[in-house]
Amino acid sequence: MSLYAIGDLHLSTKGNKPMDVFGREWSNHTERLKAAFSRLGEDDVTVLCGDTSWGSDFEESLEDFRWINSLPGKKIILKGNHDYWWNTVAKMKRFLEENNFSTIDILHNNCFFYEEYALCGTRGWFYEEEQTDHNEKVLRREVGRLEASLKAAEGRPILAFLHYPPLYSGYRCPEIIKKLEEYEVERCFYGHLHGPSHKRAIAGRMGTVAYSLVSADYLKFVPKKILD
C-alpha cells in the first residue's frame, strides 16, 4: 500500500474542453494519466489536489468521475478553483453513492487516516486576487476549513494537501502558513501552478514545513509517491 498525490487533472472525457490548447505538453494527457495510474495497486491511495473535472455540475462531470472511479486504488478529492461541480458534502456523497463510485471520497472539513498519518486539506486562497471584502471573507473561510481539517487529525502526524500554493517565489499567504506551522504539519502538497509558473514553485523546507508542487503537468502526469 502506498500514498500518492497529484493535482489539476482537468478532465474532460467528453472532449468539450481539450487541454492541448494550453500547450503540447498537455497532448493526450488523459491517456498518459491512465497509463501512470495503471501502475498503482488496488490498496494504494491518491489525493487529487483540485481542478479535477471541467464539468459545471454533476451531470457534466459524471463521465469524468466514472473514469476516476475506474482507476486503481482509492481517490480522495479536494476542491480546486475550477471545480464548478463542487457542492455540499451531503450532495457530493449522494452523487458518489448513487453512481457506485466506491473508490472516491471527499476531503472537506475533515481528514482521512493513512497508517499513522492524518491527511488534511482544503482549497486555500490566493493573495494575488484583488483584495475585496468578498475575497477577505473567502480567505477567512478557507483558513477555518483548513483548521477544521487539521483539528480532525487528533494528534497524529499531518500531511496537508491544498490546491492553491501557500507560498511561491515572491508570494506568501501568512494565514495559511501559520495554521500549517501551528499544527506541526510535516509536508504540504499543492497544485494550481502550470507552465512557466512552475519556475516560481517552492520545493523543500521553508520554516517548519516541507512543500511540494504536484500539479499534473509538473509531474509529467505521473502521481507523486509520498509514502510506501
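Both backbone and side-chain heavy atoms feed into the values below; hydrogens, waters and symmetry mates do not.
Considering all non-hydrogen atoms of both residues, Asn110 and Ala152 come closest at C-CB, 4.4 Å. Here the shortest heavy-atom pairing between Met206 and Glu181 reads O-OE2, 4.1 Å. Smallest separation of non-hydrogen atoms from Gly121 and Leu107: N-CD2, 3.7 Å. In this structure, Asp83 and Ser53 approach most closely via the heavy-atom pair OD1-N, 3.4 Å. Of all heavy-atom pairs between Ser149 and Cys111, the closest is O-CB, 3.8 Å. Minimum interatomic distance between Ala160 and Val185 (heavy atoms only, all atoms of both residues): CB-CG1, 3.7 Å.
For residues 86-99, every residue pair satisfying the side chain to side chain donor-acceptor pair (under 3.5 Å) rule, not counting sequence neighbours, is listed here: Lys93-Asp105. Note on residues 69-79: pairs passing side chain to side chain donor-acceptor pair (under 3.5 Å), not counting sequence neighbours, are Asn69-Thr103, Lys75-Thr103.
Looking at Asp51, its side chain never comes within 3.5 Å of a backbone N or O of His10 through a donor-acceptor pair. Between the side chain of Tyr114 and the main chain of Leu3, a donor-acceptor pair closer than 3.5 Å is present.
Within the model, atoms CH2 of Trp125 and NZ of Lys137 stand 12.5 Å from one another, a figure rounded to the nearest 0.5 Å. To the nearest 0.5 Å, the span separating CZ on Arg140 from CG on Asn135 amounts to 11.0 Å. Atom-to-atom distance recorded for Arg172:CZ and Ile177:CD1 is 3.5 Å, nearest 0.5 angstrom. The CE atom of Met92 sits 5.0 Å away from the CD1 atom of Ile106 when rounded to the nearest 0.5 Å. Between the CG atom in Asp8 and the CG atom in Asp217 there is a gap of 7.0 Å [rounded to 0.5 Å]. Atom CG in Leu146 sits 12.5 Å away from atom CZ in Arg123 (nearest 0.5 Å).
Ring pair Phe221/His29 is tilted by interplanar angle, where 30° to 60° counts as tilted. Using the six-membered ring where Trp is involved, Tyr84 and His82 have ring planes that are perpendicular, over 60° apart on the 30 and 60° scheme.
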Report task. May I have the step-by-step check of side-chain contact (heavy atoms from CB on, under 4.5 Å) for Trp85 and Glu59, ending in yes or no? Result -> CA-CA 9 Å; Trp85 55 269; Glu59 182 178 357; over 6 Å; no
Query raised in the report: Please walk me through it: do Lys178 and Glu175 pass salt bridge (Lys or Arg N to Asp or Glu O under 4.0 Å)?
Result: CA-CA 5 Å; Lys178 179 180 178 181; Glu175 290 86 350; over 6 Å; no
Query raised in the report: How far apart are the C-alpha atoms of Tyr168 and Tyr171, what are their side-chain angles, what is the distance that settles it, and do they pass the ring pair (Phe, Tyr, Trp, His ring centres under 6.0 Å) test?
Result: CA-CA 5 Å; Tyr168 62 88; Tyr171 164 82; 4.9 Å; yes
Requested in this report: Please test Thr122 against Leu162 for side-chain contact (heavy atoms from CB on, under 4.5 Å), starting from the C-alpha separation and ending with a verdict.
Outcome: CA-CA 5 Å; Thr122 189; Leu162 302 170; 3.9 Å; yes
Requested in this report: Please step through side-chain contact (heavy atoms from CB on, under 4.5 Å) for the pair Leu213 and Tyr190, ending with a clear verdict.
Outcome: CA-CA 5 Å; Leu213 174 62; Tyr190 63 90; 3.6 Å; yes
**Report entry** Pair Thr46-Phe37, side-chain contact (heavy atoms from CB on, under 4.5 Å): steps then yes or no
**Finding:** CA-CA 10 Å; Thr46 305; Phe37 269 94; 3.7 Å; yes
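Surrounding CD of Glu186 are more than 12 heavy atoms belonging to other residues, nucleotides or ligands, all under 6.0 Å away. Remark: Phe112 CZ is packed, more than 12 non-hydrogen atoms of other residues, nucleotides or ligands lying under 6.0 Å away.
The side-chain heavy atoms of Leu78 and His163, taken from C-beta on, include a pair separated by under 4.5 Å. Here the side chains of Leu159 and Leu227 are in contact, with some heavy-atom distance below 4.5 Å. Between Val47 and Phe189, every side-chain heavy-atom pair lies at or beyond the 4.5 Å cut-off. You'll find the side chain of Tyr164 reaches within 4.5 Å of the side chain of Asn81, heavy atoms only. Residues Phe161 and Ile226 meet the side-chain proximity criterion, which asks for heavy atoms closer than 4.5 Å. Within the 4.5 Å cutoff, no side-chain heavy atoms of Leu11 are placed close to those of Phe65.
Linking ILVMFWY residues whenever their side-chain heavy atoms come closer than 4.5 Å, directly or via other members, leaves Val222 and Leu71 in distinct clusters. Cluster annotation: Ile104 and Leu40 are assigned to the same hydrophobic cluster (Ile/Leu/Val/Met/Phe/Trp/Tyr, side-chain heavy-atom contacts under 4.5 Å, transitive). Under the 4.5 Å side-chain heavy-atom criterion for ILVMFWY residues, a single connected hydrophobic cluster contains both Phe101 and Leu33.
We find that Arg145 and Glu142 are joined by a salt bridge, their nearest charged nitrogen and carboxylate oxygen being less than 4.0 Å apart.
The cationic atom of Arg156 (NZ for Lys, CZ for Arg) lies less than 6.0 Å from the six-membered ring centre of Phe113 and within 45° of the ring axis.
Side-chain polar atoms of Glu63 and Thr13 form no donor-acceptor pair below 3.5 angstrom.
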